[in-house]
*Asks:* 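The structure that follows is given in the form of structure tokens.
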Amino acid sequence: MSSTSESETTPETAQLPGMPEPKKVKRPRPLALSASRASDYRQCPLLYRLRTIDKLPEPKTKAQVLGTTVHSALENLYALPQSERTTAKATALAEAEAEKSLAEGGIAADVIEPDKHAAFTGEAAQLVRGLYVVEDPTRFDPTSCEDYLVTSTEHGTPLHGFVDRIDVAPTGEVRVVDYKTGKPPRPGYERTALAQMRFYALMYFLIRGDIPTQLKLIYLKNGSFLTLSPTDHMLTETARELDSLWADIERDGKEGTFEPKTSKLCGWCNHKAHCPAFGGTPPEYPGWPGTRRVG
């Protein structure tokens, strides 16, 4: 499996006897497509560029650190024997992960104000307990948690991402699961929410050769869920969409275009100062890092 590091260090020239140590230069690592970066490009090509190629920093949010904390607690929960996965133990694991996140140097330390620490810890515990509304963790063992998958489509579009959980039943059925700590989508927007799951299903199929039986999005906040049973046709369409999307990204990358696309989501964007649509100027384009080769 390929490394996920952002860059690699290589010498500029081969070293000859008697020559000083060659200068080290950092070369940007070629890119692959994740479900979140695919969503970024669909939302706004310039946003994709600023996040993925320019790598402009963005402030962490409470939602991000809460999500990371809860996901870690759930991964720890499923590492326990089935009989120990009680709600009390899940609560304790969530509280421990929250305390770790809030400690000096933790991911939440600079995001959550000291007088909000108790509320953050309580919310993390409540979200983890929300899993028990949907399923009973004491009744099965996942095949994997937080599994990193990397592959490519038939046409060479590189895909990668972490899958929260994969369950394989004794009878062979496969379930791909993702946890969400935010609100479930409004009626009519389920397809958009499930796009990420179709992405994961395609990766699983390309790697394992089997189509997952079920895709499941679990919304921990209110104990609800969405499911989808993928088909061969669905995965073919998903691969076609992603190939087309990556072709657009590569074209923009080589030409350095990445035009802004305005929408109501601009109100939450951290990069208006660099967006021409709001009178800003993008940084000097660093160049296309190239496409990651998989396999």
Side-chain angles (χ1 to χ4, degrees), residues 2-10 25-61 63-64 67-68 148-162 182 185 189 191-200 202-203 206 237-295:
S2 302
S3 169
T4 61
S5 62
E6 296 290 343
S7 62
E8 54 186 8
T9 302
T10 56
V25 294
K26 283 189 175 181
R27 297 179 180 174
R29 191 166 186 82
L31 300 177
L33 189 63
S34 67
S36 56
R37 296 294 79 82
S39 177
D40 284 346
Y41 189 85
R42 291 186 181 107
Q43 178 183 326
C44 173
L46 180 59
L47 175 64
Y48 173 90
R49 177 205 142 170
L50 296 176
R51 281 180 168 169
T52 309
I53 300 176
D54 296 278
K55 301 187 186 301
L56 296 187
E58 296 183 354
K60 290 186 293 186
T61 66
Q64 289 170 340
T68 300
Y148 178 67
L149 304 182
V150 57
T151 184
S152 63
T153 68
E154 181 182 351
H155 293 283
T157 298
L159 311 175
H160 72 144
F162 284 92
Y189 288 84
R191 178 176 172 78
T192 300
L194 287 164
Q196 176 184 6
M197 302 308 291
R198 295 196 301 273
F199 188 104
Y200 293 158
L202 176 62
M203 284 201 298
L206 291 170
E237 287 298 307
T238 299
R240 184 178 295 119
E241 291 171 6
L242 294 176
D243 285 336
S244 177
L245 185 73
W246 189 249
D248 289 343
I249 291 173
E250 283 193 312
R251 180 204 64 225
D252 278 355
K254 292 170 183 176
E255 297 177 359
T257 46
F258 291 105
E259 296 294 332
K261 179 181 176 182
T262 58
S263 71
K264 62 182 180 181
L265 295 175
C266 292
W268 288 271
C269 183
N270 293 299
H271 303 299
K272 288 183 181 179
H274 299 288
C275 180
F278 293 90
T281 303
E284 182 179 355
Y285 184 56
W288 175 240
T291 295
R292 181 174 174 179
R293 301 301 173 191
V294 178

*Asks:* Would you give the length of the straight line joining atom CZ of Arg42 to atom CG of Asp248, rounded to the nearest 0.5 angstrom?
*Replies:*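 Result: 10.5 Å between the selected atoms.
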
*Asks:* Using the six-membered ring wherever Trp is involved, compare the ring planes of Phe258 and Tyr285 and label them parallel, tilted or perpendicular (cut-offs 30° and 60°).
*Replies:*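 The arrangement is tilted - the two ring planes meet at 30° to 60°.
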
*Asks:* Distance check, rounded to the nearest 0.5 Å: Glu58 atom CD versus Asn270 atom CG?
*Replies:*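 Between Glu58 CD and Asn270 CG, I get 5.0 Å after rounding to 0.5 Å.
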
*Asks:* If we ignore hydrogens and angles and just use 3.5 Å, is the side chain of Ser244 paired with the main-chain N or O of Arg240 as donor and acceptor?
*Replies:*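 The answer is no, because no donor-acceptor pair under 3.5 Å joins these two groups.
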
*Asks:* With sequence neighbours excluded, tell me which residues meet salt bridge (Lys or Arg N to Asp or Glu O under 4.0 Å) with Arg37.
*Replies:*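 Salt bridge (Lys or Arg N to Asp or Glu O under 4.0 Å) list for Arg37, sorted by chain: Asp40.
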
*Asks:* Are Thr192 and Ser39 side-chain neighbours, meaning at least one heavy-atom pair lies under 4.5 Å?
*Replies:*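 No, too far: nothing below the 4.5 Å cut-off.
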
*Asks:* What distance separates Thr52 OG1 from Leu47 CG, expressed to the nearest 0.5 Å?
*Replies:*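 Separation between the atoms: 8.0 Å.
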
*Asks:* Are the side chains of Lys272 and Pro260 in touch, meaning some heavy atoms are under 4.5 Å apart?
*Replies:*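 Contact flag for Lys272/Pro260 side chains = no.
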
*Asks:* Any chance you could measure Asp243, atom CG, to Ser152, atom OG, to the nearest 0.5 Å?
*Replies:*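 That separation rounds to 9.5 Å.
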
*Asks:* Is there a side chain to side chain donor-acceptor pair (under 3.5 Å) between Asp252 and Tyr41 once you walk through the steps?
*Replies:* CA-CA 11 Å; Asp252 278 355; Tyr41 189 85; 2.7 Å; yes

*Asks:* Would you say the side chain of Arg292 lies within less than 4.5 Å of the side chain of Val150, judging by non-hydrogen atoms?
*Replies:*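 A side-chain contact exists here, since the closest heavy-atom pair is under 4.5 Å.
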
*Asks:* With sequence neighbours excluded, what pairs up with Glu255 under the side-chain contact (heavy atoms from CB on, under 4.5 Å) test?
*Replies:*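 Only Arg251, Thr257 meet the side-chain contact (heavy atoms from CB on, under 4.5 Å) criterion with Glu255.
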
*Asks:* On the 0 to 90° scale, with breaks at 30° and 60°, tag the Tyr148-Phe162 ring pair as parallel, tilted or perpendicular.
*Replies:*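 Tilted: the ring planes of Tyr148 and Phe162 meet at 30° to 60°.
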
*Asks:* Do Leu245 and Glu241 have side chains that get closer than 4.5 Å, going by heavy atoms?
*Replies:*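 They are not in contact (no side-chain heavy atoms under 4.5 Å apart), so the answer is no.
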
*Asks:* Looking at side-chain heavy atoms only, is the closest gap between Leu46 and Pro276 below 4.5 Å?
*Replies:*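 Leu46 reaches Pro276 side chain to side chain.
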
*Asks:* Hey, are the side chains of Ile249 and Thr291 touching, using non-hydrogen atoms and a 4.5 Å cut-off?
*Replies:*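 Of all side-chain heavy-atom pairs linking Thr291 with Ile249, none is under 4.5 Å.
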
